[in-house]
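Take a look at the structure below.
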Number of protein chains: 2
Amino acid sequence: MRAAVIEIGSRDKILDAAEDLFSRRGFAGIGMREVADAVGLSKSSLFHHFSSKAELYAAVVGRILDIIDQRTMAALAIGGDVLTRFDRWLDTLMDTLAEHHNAGRLLLRSLFEDDELNGTSAEERHVDETIKHVFGAVSRLLQEGMQAGVLRKRSIPHVLQSLVGLTVYHFASGEFGEEMFGQSLFTPQLVRHRKDEVKALLHDGLMSGRARVTTKRGKGGSES
Amino acid sequence: MRAAVIEIGSRDKILDAAEDLFSRRGFAGIGMREVADAVGLSKSSLFHHFSSKAELYAAVVGRILDIIDQRTMAALAIGGDVLTRFDRWLDTLMDTLAEHHNAGRLLLRSLFEDDELNGTSAEERHVDETIKHVFGAVSRLLQEGMQAGVLRKRSIPHVLQSLVGLTVYHFASGEFGEEMFGQSLFTPQLVRHRKDEVKALLHDGLMSGRARVTTKRGKGGSES
DNA sequence: TTGACCACCGACCGATCGGACGGTATTAGC
DNA sequence: GCTAATACCGTCCGATCGGTCGGTGGTCAA
């Protein structure tokens, strides 16, 4: 009979520890020994669950990408007009990045390292597909807004880059960002503030004149 | 007598090679052996010029930070009203990032890794001071613009984060960004396009109504 | 009781890591 | 000619790297 208490499988415990470590010092900066010590297992046991270090890394990245994918897609699925869905998408993305402290940095890091770490394993293909899935959905949303005349006509790839830069980078900026704000990036009030600032900048910067009506600030997303 | 041809000192050749390698695989991902091979020297010779790997890394980061510092400060020193200086600052920053292909990625990487790689060496203190110098100048510019009523009143730390996210991240996004745009991030036309997009977003997003007059696009900065 | 499967382990492997050390060739100043 | 400094090199070191291998103890079905 399974224990009633929170029983976390070894595989997930490994992923948790590896996520923390990889996000802080990157793929090359972390040894399997260090991960094993953090979990409380032996190094050989890690290879029982993951066939290689690269596969463990891909699994870590894939897991948080799945969370982001699921959350942002669910946010879009609720419906509403383009602006409502866009705001909700932003809120959800930033809430997710705020909830998972390692997500931003891990994502940016993986974006840097997979230039050489490109493999063809199942996990790595899954990562690529998930990224495309997330970006595809928001691309279509932007396109819909531009065609409807509610968003300014801008280059979609550039807007995507700007979205990543405004959201993911901020939550990945670590000690640098914390020194700038004088507090942790993940305090509820700073998260709320960031969401407001990003949305305000994008409202004024992206919305066409006739769509930009009441930009109510401070009434953010679901949680944070 | 010194040779008339382009004579590059070994120290600079080491910095060049290390910049390239570190920007691609990070501090932990590169061994001194690899740097030495790229320069055409032996590993021991690197330790003749730099007392440790960490110092070499700090020297690499410090060098490109110095370039950015000098260029952006010179751009501000030319003068003009707040909006003119702000635009010129953006142009100069992005031109510099576009010229030095490794700069963006190296900067973001160093921002990530020095959370644990924080030292008290002379070079590392210089890096910190240079960063503060650059951000201090643009902070004062933003403040001036907000007080003059020509820029919307926004949280300056958040605007700084947004500036980094919109500029440095883009030029650091590597293969990921190139797949999105279908071309190298450093082609002249894409650089020009990015500068226009960022300036347009910030014009609409930051400028107060009465200041936002003729946002002429496509008439960017000095070079690229 | 047996055998298959599972999670896990210690010991070990060749390779590579950052770095120390001693030595050599060249140059400049005396 | 001697000395000092500079730039460079080969060799060696202890530690750590990712990964393999041969186990051990436990659980469950036959």
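Excluded from the calculations below are hydrogen atoms, water molecules and symmetry mates; all remaining heavy atoms, backbone and side chain alike, are included.
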Q. When the distance from CZ of Arg33(A) to C1' of dA11(C) is rounded to whole Å, what number comes out?
A. 13 Å
Q. Of the candidate nucleotides dA7(C), dG10(D), dG18(C), which contains the atom at the shortest distance from the side chain of Lys43(B)?
A. dG18(C)
Q. In terms of ring plane angle, is the pair His101(B) and Phe186(B) parallel, tilted or perpendicular, where the classes change at 30° and 60°?
A. parallel
Q) Contact class for Leu46(A) (heavy atom, under 4.0 Å): base, sugar-phosphate, or nothing? A) nothing
Q | Nucleotide dC17(C), atom P - distance to CZ of Phe27(B) in whole Å | A | 13 Å
Q. Is the Phe171(B) to His100(B) ring centre distance short of 6.0 Å?
A. no
Q: Report the distance from atom CG of Leu21(A) to atom P of dC17(D), rounded to the nearest whole Å.
A: 12 Å
Q) For dC8(C), does either OP1 or OP2 sit under 4.0 Å from a side-chain N or O belonging to His49(A)? A) yes
(Q) Which nucleotide wins on minimum distance to the side chain of Phe47(B), given the candidates dG10(D), dG19(D), dG18(C)? (A) dG18(C)
Q) How long is the line joining CG of Leu56(B) and P of dC17(C), in whole Å? A) 14 Å
Q | Length of the CE-P vector between Met32(A) and dA11(C), whole Å | A | 20 Å
(Q) Does dC8(C) have its OP1 or OP2 closer than 4.0 Å to a side-chain nitrogen or oxygen of Ser45(A)? (A) no
Q) Between Asp37(A) and Arg33(A), does at least one N-O distance fall below 4.0 Å, as a salt bridge requires? A) yes
Q. What's the CZ-C1' distance between Phe50(A) and dT20(D), to the nearest Å?
A. 19 Å
Q: Return yes if the base of dG19(C) and the side-chain atoms of Lys53(B) contain a donor-acceptor N/O pair under 3.5 Å, otherwise no.
A: no
Q: Give a yes/no on whether any side-chain N or O of Ser44(B) is located under 4.0 angstrom from OP1 or OP2 of dT11(D).
A: no
Q) Under 4.0 Å between a side-chain N/O of His48(B) and OP1 or OP2 of dA7(D), yes or no? A) yes
Q) Could you state the CD1-C1' distance from Ile30(A) to dG18(D), rounded to the nearest angstrom? A) 14 Å
Q) Could you give the NZ-to-P distance, from Lys13(B) to dA7(D), as a whole number of Å? A) 13 Å
Q: Compute whether any side-chain donor of one residue and acceptor of the other, for Gln161(B) and Ser173(A), lie under 3.5 angstrom apart.
A: yes
Q: Using the salt bridge (charged side-chain N to carboxylate O under 4.0 Å, His left out) rule, pick out the option among Lys13(B), Arg63(B), Arg109(B), Arg24(B) that qualifies with Glu19(B).
A: Arg63(B)
Q | Nearest listed nucleotide, side chain of Ser52(A), among dA7(D), dC8(C), dG19(D) | A | dG19(D)
